[in-house]
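To keep things clear, I will list the structure first and then write my remarks on it.
Note that these values count all heavy atoms, side chains included, but never hydrogens, waters or copies made by symmetry. One is the number of the first residue; the rest follow in order along the sequence. None of the values given here were measured: they were computed from a predicted structure.
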Amino acid sequence: MSQIKYDSTALKAIGRRLKQLRQEYDLSLNQFAELACVNMDNYYRVECGKRNCSIGLICNIASGLEITPGQIFDKHFVDIYRSMADERWIREVMGDERYYLIKRRRVESMLKYYRRKRGVSQTVLAARLEVSRTYLNNFEYGRGKIRPELLVGMMKVMHLTAEELMTEIGVI
């Protein structure tokens, strides 16, 4: 009998959304697992996106939080899912021949323009992009490769979809 494969992006997005709700309600993993009537280890694997969760679990969580199941899958969930799907796509592009279509100078100019426009230092921008300052400095001065985390960070900081970013840097 073959095993059913689930969309890992969806599982991870559900986990992130549940973690977001848990933090909004200021609950520990153990408290949240109790609300869901499941042991903490199983709940933790759901929150990490490593285990599928049932409709019953979603209903138990919603009931414990005094919300509807639909509120778990609201705009916040959709935003999380889209962001994760965009990140996955960028990482796929970076792993195949489309990587060579990226216009490095365009990426550099976008970063420099953003820094000038916002009046932020390299250190601040590196923190926002979630890359090291040394990497950003080396990249801006022509040393270092384009990394997936740089593009993902640019997407988030510049409020671009993956498609918009890839169009800007010449992949599409």
Side-chain angles (χ1 to χ4, degrees), residues 1-23 42-55 57-58 69-70 72-118 120 122-172:
M1 188 177 217
S2 64
Q3 188 175 1
I4 297 174
K5 288 195 107 183
Y6 294 99
D7 177 2
S8 65
T9 303
L11 292 178
K12 289 177 183 175
I14 290 167
R16 279 195 192 170
R17 177 63 178 137
L18 293 177
K19 182 176 183 176
Q20 187 182 61
L21 284 167
R22 179 174 63 79
Q23 290 172 338
N42 283 336
Y43 174 74
Y44 178 73
R45 291 196 327 238
V46 169
E47 195 173 280
C48 290
K50 294 179 181 175
R51 180 185 164 106
N52 187 22
C53 61
S54 67
I55 298 293
L57 177 65
I58 295 295
I72 294 172
F73 297 100
D74 64 0
K75 180 188 179 316
H76 298 289
F77 170 77
V78 173
D79 291 344
I80 290 167
Y81 182 83
R82 283 186 182 150
S83 173
M84 292 179 77
D86 282 351
E87 286 179 33
R88 186 178 71 188
W89 186 59
I90 285 173
R91 291 183 194 287
E92 286 172 8
V93 166
M94 296 296 288
D96 65 27
E97 69 278 353
R98 292 174 290 181
Y99 172 80
Y100 299 104
L101 298 173
I102 296 173
K103 293 180 173 67
R104 180 191 171 84
R105 291 200 189 277
R106 183 67 186 126
V107 175
E108 289 173 10
S109 69
M110 286 175 72
L111 289 168
K112 288 178 182 178
Y113 176 77
Y114 181 86
R115 282 198 320 114
R116 276 194 312 272
K117 184 178 173 188
R118 301 272 196 247
V120 296
Q122 239 179 19
T123 303
V124 170
L125 181 57
R128 290 180 185 170
L129 293 171
E130 298 179 16
V131 298
S132 76
R133 189 205 153 283
T134 303
Y135 166 72
L136 184 59
N137 181 61
N138 286 338
F139 181 79
E140 282 189 357
Y141 289 97
R143 302 177 306 269
K145 290 182 167 183
I146 298 172
R147 294 185 192 162
E149 55 269 21
L150 175 66
L151 297 181
V152 168
M154 287 175 66
M155 186 179 70
K156 291 177 182 175
V157 167
M158 296 176 185
H159 305 290
L160 299 170
T161 65
E163 188 174 341
E164 291 168 337
L165 178 63
M166 291 300 177
T167 300
E168 282 287 323
I169 62 176
V171 174
I172 297 177

What heavy-atom pair brings Met94 and Ile146 nearest, and what distance separates the two atoms? CE-O, 3.0 Å
Minimum heavy-atom distance Ile14-Cys53, with the two atoms named: CG2-SG, 3.8 Å
Taking Thr9 as the fixed residue, which of Arg82, Arg88, Glu87 is the one that meets the side chain to side chain donor-acceptor pair (under 3.5 Å) rule? Arg88
How many angstroms lie between OG in Ser132 and CD in Glu149, if you round to the nearest 0.5 Å? 9.0 Å
Interatomic distance, Met110 atom CE to Lys117 atom NZ [nearest 0.5 angstrom]: 11.0 Å
Test item: Ser83 side-chain N/O and Ile80 main-chain N/O as donor-acceptor pair under 3.5 Å: no
Is there side-chain contact between Lys50 and Leu11, with heavy atoms separated by less than 4.5 Å? no
Pairing of Lys75 and Asp79 as salt bridge, 4.0 angstrom limit: yes
Hey, does Arg17 have a side-chain heavy atom less than 4.5 Å from the side chain of Asp74? yes
Nearest 0.5 Å please: distance from the CD1 atom of Ile172 over to the CD atom of Glu164. 10.0 Å
Applying side chain to side chain donor-acceptor pair (under 3.5 Å) between Glu47 and each of Lys19, Arg22, Arg16, report the one that passes. Arg22
Tell me if the OH atom of Tyr113 is crowded by more than 12 foreign heavy atoms within 6.0 Å. no
Before accepting this row, confirm whether a basic side-chain N of the pair Lys156/Glu130 lies closer than 4.0 Å to the acidic partner's carboxylate O. no
Should Arg147 and Val131 be marked as a side-chain contact (heavy atoms from CB on, under 4.5 Å) after you check the CA-CA gap, both sets of side-chain angles, and the distance that decides it? CA-CA 10 Å; Arg147 294 185 192 162; Val131 298; over 6 Å; no
Flag the pair Met154 / Val107 as yes when at least one side-chain heavy-atom distance between them is below 4.5 Å, and no otherwise. yes
Look up atom CD1 in Ile72 and atom CD in Gln20, then write down how far apart they are to the nearest 0.5 Å. 11.5 Å
Just wondering, are more than 12 heavy atoms of other shown residues or ligands nearer than 6.0 Å to CD in Glu163? no
Let's go through Arg98 and Glu92 carefully: what are the C-alpha distance in whole Å and the side-chain angles of both, what is the deciding distance for side-chain contact (heavy atoms from CB on, under 4.5 Å) to 0.1 Å, and is it a yes or a no? CA-CA 9 Å; Arg98 292 174 290 181; Glu92 286 172 8; 4.3 Å; yes
Minimum-distance pair of heavy atoms, taken over all atoms of Pro69 and Ile58: CB-CG2, 4.0 Å
Is any side-chain heavy atom of Leu165 closer than 4.5 Å to one of Asp86? no
Rounded to the nearest 0.5 Å, what separates atom CD in Glu168 from atom CE in Met155? 14.5 Å
Only one of Arg116, Arg115, Arg133 forms a salt bridge (Lys or Arg N to Asp or Glu O under 4.0 Å) with Glu140, so which one is it? Arg115
Report the distance from atom CZ of Arg106 to atom CG of Leu111, rounding to the nearest 0.5 Å. 10.0 Å
Would you indicate whether the side-chain heavy atoms of Asn42 and Leu57 approach each other to under 4.5 Å? no
Flag this pair as yes if the NZ/CZ of Arg104 is under 6.0 angstrom from the six-membered ring centre of Phe139 and inside a 45 degree cone about the axis; otherwise no. yes
Should the heavy atoms of other residues, nucleotides or ligands under 6.0 Å from OH of Tyr135 be counted, would the total exceed 12? yes
Among pairs that include at least one residue of residues 77-98, which meet ring-ring contact (aromatic ring centres under 6.0 Å, His included), considering only residues two or more places apart or in two chains? Phe73-Phe77
Heavy atoms from other residues, nucleotides or ligands near CZ of Arg105 exceed 12 (cutoff 6.0 Å): no
Please say whether more than 12 non-hydrogen atoms of neighbouring residues, nucleotides or ligands are located less than 6.0 Å from NZ in Lys112. yes
